[in-house]
Amino acid sequence: MRIILAHLLENAAQHEAGTVNLEAGTNPKGVWLTVSDDGTGISKGNREKIMTPFFTTRREQGGTGMGLNIVKSTVEALGGSLSLEPRENGTCFRIVF
């Protein structure tokens with residue numbers, strides 16, 4: 001979880017988030033965690049690409065495009081799933097184990 005949260009929190013900071021919220025719970029599908037922020041969000045055109053290896057909007061600032069792919073791979077290696085949840089403002093990821 002440390003790797004997962006470190007990447008998600010770093011992304012939130014890089015995209016001007018002032019607040020990050022963590023929520024957890026259970027449902028019939030398992031245990032879930034959402035990580036949401038009030039940053040600049042992800043454009044509609046990039047939503048399908050963000051977990052693709054080497055896709056980045058921050059190459060000029062040293063971004064490698066590996067952060068969210070690492071998060072996704074780590075979650076899946078632990079038997080879970082990662083999804084980007086629709087939001088009007090900011091970004092929200094849901095992890096389900």
Side-chain angles (χ1 to χ4, degrees):
M1 282 308 291
R2 186 179 315 162
I3 292 168
I4 294 165
L5 290 176
H7 280 288
L8 294 177
L9 293 173
E10 183 177 331
N11 277 0
Q14 290 171 350
H15 292 92
E16 303 174 15
T19 303
V20 175
N21 294 306
L22 302 177
E23 295 181 60
T26 61
N27 64 26
K29 293 183 179 181
V31 176
W32 57 267
L33 170 70
T34 60
V35 181
S36 59
D37 67 57
D38 62 355
T40 57
I42 299 168
S43 71
K44 288 181 183 180
N46 288 339
R47 290 180 187 163
E48 296 295 319
K49 305 174 199 172
I50 60 168
M51 293 186 216
T52 303
F54 307 110
F55 175 78
T56 182
T57 60
R58 302 189 73 250
R59 190 141 340 262
E60 298 81 28
Q61 293 84 26
T64 62
M66 291 303 296
L68 288 174
N69 183 260
I70 290 170
V71 170
K72 180 178 184 267
S73 297
T74 303
V75 168
E76 289 174 352
L78 296 169
S81 64
L82 174 70
S83 60
L84 176 64
E85 298 295 300
R87 282 187 62 124
E88 290 292 319
N89 299 305
T91 302
C92 181
F93 288 98
R94 179 175 286 260
I95 301 166
V96 179
F97 290 107

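Numbering of residues begins at 1 and proceeds along the displayed sequence. Computed from heavy atoms alone, side chains included, the values below leave out hydrogens, waters and symmetry copies.
- Nearest heavy atom pair, residue G41 against residue T91, reads CA-OG1, 3.3 Å.
- Between the side chains of T74 and E76, no donor-acceptor pair is found at a separation under 3.5 Å.
- Following chains of ILVMFWY side-chain contacts shorter than 4.5 Å, one cannot reach V31 starting from M1, and the two form parts of different hydrophobic clusters.
- Taking all atoms of both residues into account, the shortest heavy-atom contact from E23 to W32 is O-CZ3, 3.4 Å.
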- Item | Derivation and outcome, side chain to side chain contact (heavy atoms under 4.5 Å, CB included), residues N89 and D38 | CA-CA 6 Å; N89 299 305; D38 62 355; over 6 Å; no
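- Within 6.0 Å of atom CG in L78, more than 12 heavy atoms from other residues, nucleotides or ligands are found, so the atom counts as buried in its surroundings.
- For the pair F93/I50, a side-chain contact is recorded, criterion being any heavy-atom separation below 4.5 Å from C-beta on.
- Within 6.0 Å of atom CD in E16, 12 or fewer heavy atoms from other residues, nucleotides or ligands are found, so the atom counts as exposed in its surroundings.
- Side chains of T52 and L68 form no contact here, defined as non-hydrogen atoms less than 4.5 Å apart.
- Within 6.0 Å of the CG atom in N46, the count of heavy atoms belonging to other residues, nucleotides or ligands exceeds 12.
- Considering only heavy atoms from C-beta on, D37 stays 4.5 Å or farther from N21 through its side chain.
- With values rounded to the nearest 0.5 angstrom, L22 atom CG is found 6.0 Å from L33 atom CG.
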